[in-house]
Protein chains: 2
Amino acid sequence: MPKLGMEPIRKTALVKATILEIGRAGSLDVTVGQIAKRAGMSTALAHHYFGGKEQIFLAAMRHILSLYGAEVRGALAAAKTPEARLEAILLASFSATNFRREVVSAWLNFYVLAQTVPGARRLLHIYQRRLHANLTHALRPMLGARAAPVARALGALIDGVYLREALSERPSDGRASVAMIQAYLAAELNREKTTELKGAAL
Amino acid sequence: MPKLGMEPIRKTALVKATILEIGRAGSLDVTVGQIAKRAGMSTALAHHYFGGKEQIFLAAMRHILSLYGAEVRGALAAAKTPEARLEAILLASFSATNFRREVVSAWLNFYVLAQTVPGARRLLHIYQRRLHANLTHALRPMLGARAAPVARALGALIDGVYLREALSERPSDGRASVAMIQAYLAAELNREKTTELKGAAL
DNA sequence: TTTTTTGTTGATTGACGAGTCAATAAACTT
DNA sequence: AAGTTTATTGACTCGTCAATCAACAAAAAA
């Protein structure tokens with residue numbers, strides 16, 4: 001019963017199934033058979049469309065990344081002030097989506113993959129650069145030249161907080177994480193004011 | 001030629017070989033055969049002493065953790081002021097040791113393992129709690145009651161910076177990381193002063 | 001209508017790997 | 001000396017899995 005134009009349908013089905021299976025296994029120890037079964041087709045077809053396991057994983061990584069990117073863009077679109085922009089990035093980064101089992105698993109395993117698979121490493125750097133650009137853009141009006149270094153620290157802080165939250169025994173929703181990071185930012189902003197105050201005090 | 005008392009020798013040889021193999025593979029996709037071969041024995045012996053692959057991995061994780069713990073304790077012993085204590089923790093956390101291929105691989109894969117293997121998760125939480133305790137202890141004299149929340153953020157920041165540094169294309173030595181984190185701390189300490197200044201300004 | 005392209009799978013290949021076991025041997029105990 | 005514990009391995013079992021292939025079916029092109 002071959003209907004034509006199946007390729008994109010099959011491919012997205014495989015990508016989604018891959019992410020779900022990675023979540024179920026908690027690792028990349030997932031067989032093409034399991035993926036294909038969940039996607040409702042034979043293993044041969046999975047190989048037909050993707051050519052191999054690694055390419056399926058890379059496609060899954062791209063998918064996760066593009067989901068996150070869309071979430072950030074969506075939140076960012078509605079934000080007008082720099083503060084709102086920052087909050088939008090944080091809320092998108094710590095949304096419930098990103099704490100779903102499969103998504104956490106995908107991210108952790110992508111870090112592992114990024115060590116050895118050049119394609120995976122490239123994707124990870126794309127994510128990091130995009131985050132850095134978004135943060136710098138939001139911080140510039142508040143911090144001027146100091147925006148870039150603060151954005152670098154902030155990016156690392158986001159990753160670190162996510163890592164801990166994702167692996168904590170009782171994961172709270174992301175609000176506590178967002179608040180914690182905003183507190184850090186408050187300290188950084190405070191610096192500017194301190195300089196002014198010191199000037200006024202003299 | 002069975003000399004007695006081989007058990008501890010064989011076990012540590014296996015643990016070290018495991019870590020090296022994980023570094024070589026970049027993942028836990030490592031066979032007992034490879035580990036045993038590198039450790040200079042048969043696979044049967046590896047199974048004899050550890051009972052299974054998972055227990056070998058857990059022993060390796062324990063080993064990495066104890067190495068890190070020793071490094072921190074060593075650095076901490078020589079530190080007398082709170083500031084020195086903090087710097088000791090940072091220097092130990094970003095020492096060259098922790099950026100060796102095998103060590104990075106081990107950490108990344110242990111994060112993955114911690115999702116599904118209870119023993120691994122427990123070990124990870126031991127690490128996190130110990131780090132938090134060390135940080136809180138060092139921060140208390142400077143920050144008083146605010147030591148705990150700042151220590152939580154600082155712990156996450158350390159993990160996040162390590163993650164990025166470990167996966168960056170040209171890894172610098174840890175000095176830049178340490179400096180970045182100290183800058184964050186400076187902002188936090190600044191807060192206290194700001195409060196005082198504000199009081200004085202009124 | 002023949003041919004080509006696209007979709008699809010069951011069956012197979014070829015390889016690898018975790019864990020077990022029986023057997024061998026040295027050292028220690030009684 | 002006989003028996004027990006510890007060390008050690010080669011060979012084997014049983015299972016899995018990625019990748020390939022031949023073959024079938026339907027739609028589109030010629």
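All figures in this text were calculated on a predicted structure; none of them were measured in a lab. Numbered from 1 within each chain, the chains take letters A, B, ... in sequence-line order.
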Taking the inter-plane angle between the rings of [X] and [Y] on a 0 to 90° scale, is it parallel (under 30°), tilted (30 to 60°) or perpendicular (over 60°)?
X       : Y       : answer
Y184(A) : Y184(B) : tilted
W107(A) : F110(A) : perpendicular
F99(B)  : Y162(B) : tilted

To the nearest angstrom, the CG-P distance between L4(A) and dA28(D) comes to 5 Å
Note: contacts of residues 38-57 of chain B with DNA chain C (heavy atom, under 4.0 Å) are A44(B), H47(B), G52(B), K53(B)
Ordered by number, residues from residues 7-36 of chain B within less than 4.0 Å of DNA chain D (heavy atoms) are E7(B), R10(B)
Fill in: Any side-chain heavy-atom pair of R62(A) and V15(A) under 4.5 Å
no
Note to self: Could you go through Y68(A) and Y127(A), starting from their C-alpha distance and side-chain angles, then the distance that decides it, and tell me whether this counts as ring pair (Phe, Tyr, Trp, His ring centres under 6.0 Å)?
What the structure shows: CA-CA 9 Å; Y68(A) 171 74; Y127(A) 152 73; 5.6 Å; yes
Would you confirm whether [X], through its side chain, and [Y], through its main-chain N or O, come within 3.5 Å as a donor-acceptor pair?
X       : Y       : value
R85(B)  : K80(B)  : yes
N98(B)  : A92(B)  : yes
Q115(A) : V112(A) : yes

